[in-house]
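Each chain gets a letter, A, B and so on, in the order the sequences are listed, and its residues count up from 1.
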Amino acid sequence: MYRTHTCGELKATDEGERVTLSGWVDRIRDLGGVKFVILRDRYGKTQIVVNPDSPVYSKVDEISREDVIQIEGTVRKRPKEAVTNELTGEIEVVVERLEILSKSKLPPFYPGDEVSEEVRLKYRYLDLRSARMTNNLIVRHKMAFATRAYLSDKGFLEIETPYLTKSTPEGARDFLVPSRLKKGNFYALPQSPQLLKQLLMVSGMDKYFQIVRCFRDEDLRADRQPEFTQIDIEMSFVHMEDVLQLAEGLARHIYATIGINLPEKFDKVPFEEAMEKYGSDKPDRRYGMEMMDLTQYFKNSDFKIVKDIIDKDGFVKGFKANIPMSRKIADEYSEFVKGYGLGGILWFKIENGQITSTTAKYLENEYVAISKDYNVSEGDVFILAVHEDREKLNTALGALRLKIGKQYMKVSGYDALWVIEFPFLEWSDEEQRFVARHHPFTMPYIEDIENNVEPAKIRAYAYDMVINGFEAGGGSIRIHKREIQEKVFEMIGLSKEEANEKFGFLLEALQYGVPPHGGIALGLDRLVSIAVSVENIREVIAFPKTSSGTCLLTNAPSTVSQAQLDEVGITLKQ
RNA sequence: GCCUGUAUGGUCUAUCGGAUAUGACGCUGGAUUGUCGAUCCAGAAAGCAGGGUUCAACUCCCUGUACGGGCGCCA
């Protein structure tokens, strides 16, 4: 037996107990006479005492930090003055036997040291020994476990779908896997089990879920990895509201199991409102600073920057913030919004009851009117921008709002909401056609189509769950009638032949009695990162990739042998 | 594809167009009988790669590489 207890469980009540512990040597404190060894495992740390009369006294000199050792000894209470607040701070173990199970080479860092992420990723197995990383993985497990319990209770079946599947167009770039048996053919790793879970609905599975890996070969971000985990859900005989209720309940439940209370009711915010007020389809409302349309105040301005835009039927929008402002800061913000296609920002503040601004001499009347109507008071700063493209204006100001919020405001708590009524279509400059914004199986608002609403304004039964400004998940009600599906393909310029070639199996299935259905996928990585308050999902993934898609631990991706290439019939260029 | 930041002992970092490159942690050796980031003394240990500017480059410039953040992209 390697151990009778873990390093995190011995308490004062275990006094006198004879125990065997195994773990890593966290620290050795040699006081010349008495020596202390701190033994660590994922449950905690226990102090081992070695007195000069101990049978293993000289053996302690052979061990070093991060060795794996086993000890046998007796639990005793520490002297009063030596008690600490730690989990096992009341006791220590007087060692009688000590065995080195495995020596450690001098590590590049010790668990919990402040080290660059690059080094942490290279030695991820050491990094994961830290209490923080261990906790992140524990929280992740608890949330995944709670998900299974909750959904199983509600009658959902966890059903696996293949990872080696068919490449489908639309959406992200596929990771391809060459087929050896059918040379020249490729599997694709699924971007999500979307089509397969819909087929499960056709099969009558009624309520499906899966905690599943998804793969998208696109450039990475702090919250995007090439492979990530979704809580994938699909339900039959449901309306949008049923899916939202279920997902909301699930989110509340899994957060509750780790001690976080999400709001009783998630607000529903239409996409357009989110864009207008926050310039984002995943707003973090905790920062306040809602954006306002101020175009009317500038209709008669002759300040060139503004007039040029107004003459082109452009817009002026802005928001109020309680932040420091100076010429230098304004320049920085202007530079920032230039990255989003704007020319810069305008601003004014109220200082000593006066409007202060580098542009006050051109726009004083406008600023005064805005101050009055929007109750801009002493110390407030008002930031404005102009552009002829309203979407660009919203996005740029929204990004600035978020930057300012993160810089100056300490927010706490959890803001959870639904963004609904997403546009059904989206113009693709690259392809010069409308593409499905969510995916081509999403149910559009039929009345919008019947009322001949312009394509870009047709709404979809698509929804995103947003928590603290992160897109925690998204889904839609699907099309269950072949006629509508065909109409949609027509709208996105997909010919019958192409549609058949690409989604033939789904279209075929849609002819055999399909229940109305819909679903959602929640991003587990993001849910966990929100729960442990980190911005980067790498912190909650055991073995993540760098932003260039490599694994510093294994050095993947790497070249393969000519023989391997030959087997799958692939010749490399050059 | 584009923009941007970073690169100095094992780790985290300081400084400087010139001389012996700073400190902390860790490590090694020594001292030390109640520590808990133990303490005290001593020691070893470093400029990402290539090119350029210069009498002289770790420092300035360019290119590359790696890592971070963002835009595009991500149904």
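- Taking the charged nitrogens against the carboxylate oxygens, A/E535 and A/K406 do have a contact shorter than 4.0 Å, which makes a salt bridge.
- Computed from coordinates, the A/L31 CG to B/rU32 P distance equals 12 Å when rounded to whole Å.
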Nucleotide N/O to protein N/O under 3.5 Å, stretch nucleotides 12-14 of chain B:
| unit_1 | atom_1 | unit_2 | atom_2 | d |
| --- | --- | --- | --- | --- |
| B/rC12 | OP1 | A/S116 | N | 2.7 |
| B/rC12 | OP1 | A/S116 | OG | 2.8 |

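- Note on A/K502 versus A/E497: no salt bridge recorded, every NZ/NE/NH1/NH2 to OD/OE distance being 4.0 Å or above.
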Side chain to side chain contact (heavy atoms under 4.5 Å, CB included) between A/F271 and A/D281, worked out: CA-CA 6 Å; A/F271 171 82; A/D281 61 358; 3.8 Å; yes
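- Here B/rG37 sits opposite no nucleotide as a Watson-Crick or G-U wobble pair (both hydrogen-bonding atom distances under 3.5 Å).
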Using a 3.5 Å cut-off and no angle test, enumerate the donor-acceptor pairs between side-chain atoms of residues 419-427 of chain A and protein atoms at least two apart in sequence or in another chain.
| unit_1 | atom_1 | unit_2 | atom_2 | d |
| --- | --- | --- | --- | --- |
| A/E426 | OE2 | A/R437 | NH1 | 3.1 |
| A/W427 | NE1 | A/D429 | OD1 | 3.2 |

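- Of all the heavy atoms in A/K11 and A/V75, the pair that sits closest is O-CG1, 4.5 Å.
- At the phosphate of B/rU35, neither OP1 nor OP2 sits under 4.0 Å from any side-chain N or O atom of A/R29.
- For A/A172 against A/Q191, the heavy-atom pair with the smallest separation is O-NE2, 2.8 Å.
- Relative to the ring axis of A/F505, A/K166 does not place its NZ or CZ within 45° and under 6.0 Å from the centre.
- For the pair A/R224 and A/E218, the salt-bridge criterion is not met [side-chain N within less than 4.0 Å of a carboxylate O].
- Using a 4.0 Å heavy-atom criterion, one finds that A/A172 contacts the sugar-phosphate atoms exclusively.
- In this structure, B/rC60 forms a base pair with B/rG52, meeting either the Watson-Crick or the G-U wobble geometry with both donor-acceptor distances under 3.5 Å.
- Checking B/rU8 for Watson-Crick or G-U wobble geometry (two distances, each under 3.5 Å) identifies no partner in any strand.
- Residues of residues 212-225 of chain A that place a heavy atom closer than 4.0 Å to RNA chain B, in numerical order, are A/R216, A/E218, A/D219, A/R221, A/A222, A/R224.
- Within 4.0 Å (heavy atoms only), A/L106 reaches sugar-phosphate atoms of the nucleic acid but no base atom.
- Going from atom NZ of A/K392 over to atom C1' of B/rG72 covers 12 Å, rounded to whole Å.
- Between A/F470 and A/L527 the shortest side-chain heavy-atom distance does not fall below 4.5 Å.
- In this model, the phosphate group of B/rC36 is not approached by any side-chain N or O of A/N85 to a distance below 4.0 Å at OP1 or OP2.
- Here B/rG69 presents its P atom at 12 Å from NZ of A/K406, a figure rounded to the nearest Å.
- Between A/K545 and A/E227 there is a salt bridge, with a side-chain nitrogen of the basic residue lying less than 4.0 Å from a carboxylate oxygen of the acidic one.
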Pair A/F36-A/D30, side chain to side chain contact (heavy atoms under 4.5 Å, CB included): steps then yes or no: CA-CA 6 Å; A/F36 297 100; A/D30 179 352; over 6 Å; no
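- Phosphate contact (OP1/OP2 of B/rG69, side-chain N/O of A/R538, threshold under 4.0 Å): present.
- Note: NZ (A/K338) to C1' (B/rG72) measures 20 Å, nearest angstrom.
- Ion pairing of A/K35 with A/D61 is present here, as a side-chain N (NZ or NE/NH1/NH2) and a carboxylate O approach within less than 4.0 Å.
- One interatomic measurement links the two molecules: NZ of A/K282 to P of B/rC74, which rounds to 14 Å at whole-angstrom precision.
- No side-chain donor from either of A/D284 and A/Y278 sits under 3.5 Å from a side-chain acceptor of the other.
- Under the Watson-Crick and G-U wobble criteria, each requiring two contacts below 3.5 Å, nucleotide B/rG43 is paired to B/rC27.
- A/R437 comes within 4.0 angstrom of sugar-phosphate atoms only, judged by non-hydrogen atoms across all strands, and of no base.
- Residue A/F36 is in base contact, counting any heavy-atom pair closer than 4.0 Å across all strands shown.
- The separation of B/rG70 from B/rG9, taken at their C1' atoms, amounts to 33 Å, rounded to a whole angstrom.
- For A/N536 and A/Q47, each mapped to the nucleotide of RNA chain B holding its nearest heavy atom, the one lying further toward the 5' end belongs to A/Q47.
- As judged by a 4.0 angstrom heavy-atom cut-off over every strand, A/R120 is placed among residues making no nucleic acid contact.
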Close N or O pairs between protein and nucleotides 39-41 of chain B (under 3.5 Å):
none

Polar atoms only, N or O, under 3.5 Å: list the protein pairs with nucleotides 64-66 of chain B and their distances.
| unit_1 | atom_1 | unit_2 | atom_2 | d |
| --- | --- | --- | --- | --- |
| B/rA66 | O2' | A/E118 | OE2 | 2.8 |

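- Distance A/I38 CD1 to B/rA38 P: 8 Å, rounded to the nearest Å.
- A salt bridge does not link A/E118 with A/K122: none of the charged nitrogens is closer than 4.0 Å to a carboxylate oxygen.
- Judged by distance alone with a 3.5 Å cut-off, a donor-acceptor contact links the side chain of A/R76 to the base of B/rG34.
- Across all strands shown, B/rC71 pairs with B/rG1; the Watson-Crick or G-U wobble distances both stay below 3.5 Å.
- For B/rU15, there is no paired base (Watson-Crick or G-U wobble, both distances below 3.5 Å).
- Taking the P atom of each, B/rG64 and B/rA14 are spaced 26 Å apart, rounded to whole Å.
- Comparing the C1' positions of B/rU15 and B/rC74 gives a spacing of 44 Å, expressed to the nearest Å.
- Around the CD atom of A/E391, the shell of radius 6.0 Å holds no more than 12 heavy atoms that belong to other residues, nucleotides or ligands.
- Contact annotation for A/P107: no contact, since no heavy-atom pair falls under 4.0 Å across all strands.
- Separating the CD atom of A/E335 from the P atom of B/rG5 is a distance of 12 Å, rounded to the nearest angstrom.
- Residue pairs meeting the side chain to side chain donor-acceptor pair (under 3.5 Å) criterion with at least one partner in residues 37-51 of chain A, sequence neighbours excluded, are A/D26-A/R40, A/D26-A/K45, A/R40-A/E66, A/Q47-A/E92.
- Using a 4.0 Å heavy-atom cutoff across all strands shown, A/P79 reaches at least one base atom of the nucleic acid.
- In this structure, A/E92 reaches the bases: a heavy-atom distance under 4.0 Å links it to at least one base atom across the strands shown.
- Straight-line distance between the P atoms of B/rU22 and B/rC58: roughly 16 Å, to the nearest whole Å.
- For the pair A/L189 CG and B/rC74 C1', the interatomic distance rounds to 16 Å; values are reported in whole Å.
- For the P atom pair drawn from B/rU39 and B/rG26, the interatomic distance equals 7 Å after rounding to whole Å.
- Among the atoms of the strands shown, only primed sugar atoms or phosphate atoms (P, OP1, OP2) are found under 4.0 Å from some heavy atom of A/S547.
- Taking a cutoff of 4.0 Å between a charged side-chain nitrogen and a carboxylate oxygen, A/E486 and A/K481 do not qualify as a salt bridge.
- Taking side-chain N and O atoms only, A/Y110 has a distance below 4.0 Å to OP1 or OP2 of B/rC27.
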